[in-house]
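Everything numeric in this text was worked out from a predicted model, so none of it was measured. First listed ligand is number 1; within each ligand, the first listed atom is number 1. Throughout, numbering of the chain's residues begins at 1 and tracks the sequence.
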Amino acid sequence: MTDWRMPLSDVSFDEAEERAALRVLRGGWLSTGPETRAFEEEFAAFVGVKHAVAVANGTAALHLALVVVGVGASDEVVQPATNFVAAANMTVAIGASPVFADIVALDEPTIDPEEIARRLSPRTRAVVAMHYGGHLARMREIRALCDAHGIALIEDACHALGARCVDESAPELDGRAAGSLGDVACFSFFANKNLTTGEGGMITTERNDIAERVRLLRSHGMTTLSWQRHQGHASSYDVLAHGFNYRFDEIRASIGRVQLAKLEENNRRRAELARVYRDQLRDAHGWIVPFADRGDESAHHLMVAVAPDAETRRETVEALNDSRIQTSLHYPCIADFAAFKERVGAGAKDSASRSAVETLANEDLSRSREFARRAITLPMFPTMTEAQVGEVCSVIVGAKVKA
Ligand SMILES: *Cc1c(COP(=O)(O)O)cnc(C)c1O
């Protein structure tokens with residue numbers, strides 16, 4: 001393991017998380033119970049939605065979201081090519097086909113509504129929009145498109161807890177948070193996310209039917225939880241649907257509640273650091289900082305800069321690596337991963353069952369591919385200092401001068 005002087009992300013835990021976890025350990029009830037319920041209620045209030053349901057992780061949240069909006073075998077799900085692979089993998093796990101759509105532009109790497117429209121087919125059952133780096137996708141256009149075609153809209157909001165839409169010309173969206181803008185939304189509490197419990201996830205929705213279904217499928221489709229049986233409220237159960245074990249637990253819920261209380265302050269700190277990054281990268285000729293002029297309140301999950309070309313990216317990553325500053329790439333184009341290429345390639349066993357639209361979609365992703373060649377994810381975490389940001393930026397500006 002490399003000894004990074006500056007990691008890509010870092011957790012911000014203190015005695016409050018320790019006390020919370022200890023309180024639950026000493027209480028003796030560890031599986032889904034009152035602590036999880038309290039976390040869900042506080043989370044729903046924060047996002048401004050009726051329901052929040054805690055689940056095992058963000059991928060489980062996406063799996064359940066796809067299932068509950070009715071995606072089934074041989075359906076298509078239009079989704080961004082520039083995303084973590086979870087939504088695409090869960091689409092395939094259901095037996096459906098991911099249809100990848102390109103991003104808007106290098107300075108706006110969220111799914112392009114026009115590219116979604118081009119990829120709709122009679123088999124499209126859902127659209128996934130991901131709020132890249134904490135910046136909202138074009139939800140007004142995407143919502144309108146989904147409504148017009150009767151298609152479900154799933155938010156992959158794993159980067160975006162605390163992000164808010166600012167758009168006075170759209171009163172129905174203005175002020176609303178990520179997680180309240182689609183039919184159902186998914187969050188992750190993985191260790192590098194703005195709110196972490198180590199592993200964990202949450203589903204939010206306004207819709208009673210979706211919340212009820214998610215709660216049922218989270219625990220094997222069983223009509224009662226062990227907590228209810230423990231309390232004497234029930235002694236048996238029926239199984240109403242074929243579900244999963246995607247339950248959350250009390251230790252993580254207690255940590256999550258503390259982290260949620262700190263979130264706004266942490267996100268404010270991220271916003272300040274992003275401003276410092278932006279100011280300093282103005283001197284880096286030919287570099288693009290995505291979402292620079294966006295009015296929305298971002299969650300600033302990632303700090304990403306796009307190099308003038310692939311060669312400059314390579315040199316800059318090397319220079320940062322030499323300074324023991326960690327970088328990453330969010331994300332390679334999903335359609336170019338071996339497992340996804342195989343689905344539509346000549347070798348695909350069941351290629352006859354793949355629709356023309358899936359093949360087309362995977363071939364026409366030039367902006368996502370260009371983004372993957374040139375984007376660098378830079379360190380960003382609430383305990384980072386302005387001096388550290390300055391150090392990263394001077395390496396970037398210096399690498400460019402050398403070239
Ligand atoms: C983290 C993440 C996921 C997956 O969440 P896990 O909790 O790791 O399963 C999915 N989508 C995006 C955009 C993410 O960042």
Sub-4.0 Å atoms of ligand 1 with respect to non-hydrogen atoms of [X]:
| X | answer |
| --- | --- |
| His159 | 13 (C), 15 (O) |
| Tyr331 | 15 (O) |
| Gly58 | 5 (O), 6 (P), 7 (O), 9 (O) |
| Lys193 | 1 (C), 2 (C), 14 (C), 15 (O) |

### Asn57 and ligand 1 - part of the residue with a heavy-atom distance under 4.0 Å
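Near ligand 1, Asn57 shows its backbone as well as its side chain.
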Flag the pair Asp3 and Arg324 as a salt bridge only when some basic side-chain nitrogen lies within less than 4.0 angstrom of an acidic carboxylate oxygen.
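Result for this pair is yes, salt bridge flagged.
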We want to know whether [X] and [Y] form a side-chain donor-acceptor pair, criterion being a heavy-atom distance below 3.5 angstrom.
| X | Y | value |
| --- | --- | --- |
| Thr91 | Gln79 | yes |
| Thr36 | Glu250 | yes |
| His63 | Tyr246 | yes |

Here the pair of heavy atoms bringing Thr385 nearest to Arg269 is CA-NH2, 3.8 Å
When every non-hydrogen atom of Thr383 is compared with those of Gln388, the smallest separation belongs to O-OE1, 4.4 Å
Ligand 1 and [X], any nitrogen or oxygen pair closer than 3.5 angstrom?
| X | value |
| --- | --- |
| Met130 | no |
| Glu199 | no |
| Asn83 | no |

Atom 9 (O) of ligand 1: nearest protein contact (heavy atom, Å)
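Protein heavy atom with the smallest distance to atom 9 (O) of ligand 1: Thr59 OG1, 2.5 Å.
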Check your understanding: Where is the nearest protein heavy atom to atom 11 (N) of ligand 1: which residue, which atom, and how far?
Key ->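 Nearest protein contact, heavy atoms only, for atom 11 (N) of ligand 1 is Asp156 OD2, 2.9 Å.
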Requested in this report: Mind telling me whether Phe189 and Phe43 have parallel, tilted or perpendicular rings, with 30° and 60° as the class edges?
Outcome: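 Rings of Phe43 and Phe189: perpendicular, over 60°.
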Exercise for review: Give me the ring orientation class for His135 and His300: parallel if the planes are under 30° apart, tilted from 30 to 60°, perpendicular past 60°.
Suggested key: perpendicular
Filtering Gly198, Cys158, Gly133 for the heavy atom nearest atom 12 (C) of ligand 1 leaves Cys158
